[in-house]
Amino acid sequence: MPLGPWRKKKTSTKEQLVDNEEVSGGHAGAASLAKSAVNGAGLPPPPASQRPKLVFHTQLAHGSPTGRIEGFGNVKELYSKIAEAFNISPPEILFCTLNTHKIDMEKLLGGQIGLEDFIFAHIKGIKKEVEVHKSEDALGLTITDNGVGYAFIKRIKEGSVVDGVKVICVGDHVECINGCNIVGTRHYEVARMLKELPKDKTFTLKLVEPMKAFEMLEPRSRGAKPASDTKVGTGRGTLRLRSKGQATVEEEPTEFEEKAVKKVDDLLESYMGIRDTELAATMVEVGRDKKNPDEFAMALDETLGDFAFPDEFVFDVWGAIGDAKQGRF
């Protein structure tokens with residue numbers, strides 16, 4: 001089943017089921033349930049009358065009046081509603097955080113929103129161009145995306161190559177690599193492109209940082225710590241955004257789901273240089289009732305046909321799901 005960590009399956013006819021961060025590529029935390037995603041694949045968006053009648057409050061992160069939004073079923077529609085509320089263009093929105101105006105990657109909006117969560121939209125700010133000398137094989141970046149075409153930096157490893165380039169910050173949207181525009185490219189492809197840049201050579205990045213209010217200017221953060229137990233949602237339930245099919249209101253994740261998703265997200269970063277809680281949660285949902293790794297691998301092929309995960313990664317994910325079931329975390 002696996003074709004290597006970066007190759008896509010040329011023969012797959014399945015439409016990609018994970019479009020946002022998860023969100024991201026979410027989170028934005030955290031995910032579409034695999035069964036519902038398969039059933040919803042290829043279907044047109046549901047009519048507005050069938051969507052959850054929920055109202056959320058939102059602000060622009062750098063400062064704005066409070067707006068009210070409703071009637072969205074996925075991240076693209078959410079961004080359109082926010083843009084409409086503030087009379088801006090949807091492509092101006094880089095990503096959203098929940099319950100904080102700060103660039104806090106632990107609070108990144110992914111595939112689910114607590115019913116009482118407050119949404120802060122971070123829009124495009126200063127553009128910058130920087131040259132980086134790749135003195136090591138790894139740059140020390142973790143990439144995610146916003147689900148609608150913008151890849152951005154989620155974490156910078158302390159002591160890494162990029163950590164030494166102080167103009168590069170967590171939250172920066174990666175617009176171009178060596179003059180090649182990558183808008184619309186998924187996070188795992190951007191991570192692959194950066195990984196494949198030759199060592200001991202200099203390359204150029206064009207970045208767009210989120211707009212900041214004066215009081216938000218502070219020393220650069222390295223981003224989210226993967227080991228954190230911070231919870232995003234504050235509501236009693238969550239609105240689950242789906243890349244295919246209708247958004248649904250669901251109970252908050254169980255302890256098993258939270259622990260398993262967090263571990264699988266850590267494995268995605270370790271193997272592929274990305275963090276994507278929606279993708280991680282989809283994999284957990286696929287694997288929770290599978291009896292062995294082979295059955296799990298076949299289910300991943302069926303559900304996530306556009307990905308080609310290496311064998312070792314699949315076994316590690318299977319083990320992480322099993323450990324969560326047994327409460328061994």
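What you find for His62 and Lys212 is that their closest heavy atoms are CB-C, 4.0 Å. Residues Asp163 and Lys157 come closest through the heavy atom pair CB-O, 3.4 Å. Nearest heavy atom pair, residue Leu194 against residue Ile177, reads CD2-CD1, 3.7 Å. In this structure, Leu207 and Asp172 approach most closely via the heavy-atom pair CD1-OD2, 3.8 Å. The nearest pair of heavy atoms linking Phe313 to Leu268 is CZ-CD2, 3.5 Å. Closest approach of Phe95 and Gly171 over heavy atoms only: CE2-O, 3.5 Å.
Between Phe120 and Phe118, the distance from one ring center to the other falls under 6.0 angstrom.
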Pair Asp323, Lys263 - check side-chain contact (heavy atoms from CB on, under 4.5 Å), show working.
CA-CA 10 Å; Asp323 288 342; Lys263 181 60 177 177; over 6 Å; no

Let's go through Arg288 and Glu257 carefully: what are the C-alpha distance in whole Å and the side-chain angles of both, what is the deciding distance for salt bridge (charged side-chain N to carboxylate O under 4.0 Å, His left out) to 0.1 Å, and is it a yes or a no?
CA-CA 9 Å; Arg288 65 188 306 159; Glu257 290 169 337; 3.1 Å; yes

Test side-chain hydrogen bond (donor to acceptor under 3.5 Å, both in side chains) applied to Ser64 and Gln59, step by step:
CA-CA 6 Å; Ser64 75; Gln59 288 182 359; 5.2 Å; no

For Phe296 and Val317, what are the C-alpha separation, side-chain angles and deciding distance, and is it a side-chain contact (heavy atoms from CB on, under 4.5 Å)?
CA-CA 10 Å; Phe296 176 52; Val317 171; 3.6 Å; yes

Please assess Ile123 against Leu60 for the test side-chain contact (heavy atoms from CB on, under 4.5 Å), listing each intermediate value before the final yes or no.
CA-CA 7 Å; Ile123 68 173; Leu60 300 180; 4.1 Å; yes

Stepwise ring pair (Phe, Tyr, Trp, His ring centres under 6.0 Å) check, Phe72 with Tyr79
CA-CA 9 Å; Phe72 55 88; Tyr79 283 15; 10.0 Å; no

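Considering only heavy atoms from C-beta on, Ile69 comes within 4.5 Å of Leu78 through its side chain. Residues Glu269 and Ile274 form no side-chain contact, since every pair of their non-hydrogen atoms from C-beta on lies 4.5 Å or further apart. For the pair Val174 and Tyr150, the minimum side-chain heavy-atom distance is 4.5 Å or more. Leu94 is not listed as a side-chain neighbour of Asn146, based on a closest heavy-atom distance of 4.5 Å or more. When side chains are defined from C-beta on, Leu139 counts as touching Lys134, because their heavy atoms get closer than 4.5 Å. The side-chain heavy atoms of Lys262 and Asp266, taken from C-beta on, include a pair separated by under 4.5 Å. Considering only heavy atoms from C-beta on, Ile153 stays 4.5 Å or farther from Thr144 through its side chain. Looking only at side-chain heavy atoms (C-beta outward), Glu131 and Phe203 stay at 4.5 Å or farther from each other.
In the model, Asp316 has a side-chain atom that pairs as donor or acceptor with a side-chain atom of Tyr271 under 3.5 Å. Looking only at atom types and distance, the side chain of His133 has a donor-acceptor partner in the side chain of Thr202 under 3.5 Å away.
Here the side chain of Asn178 pairs a donor or acceptor atom with the backbone of Thr204 at under 3.5 angstrom. A donor-acceptor pair is defined here as one N or O able to donate and one able to accept, closer than 3.5 Å; such a pair exists between the side chain of Asp265 and the backbone of Asp276. Checked by atom type and distance alone, the side chain of Ser160 never pairs as donor or acceptor with a backbone atom of Ile156 at under 3.5 Å.
Remark: Lys199 NZ is packed, more than 12 non-hydrogen atoms of other residues, nucleotides or ligands lying under 6.0 Å away.
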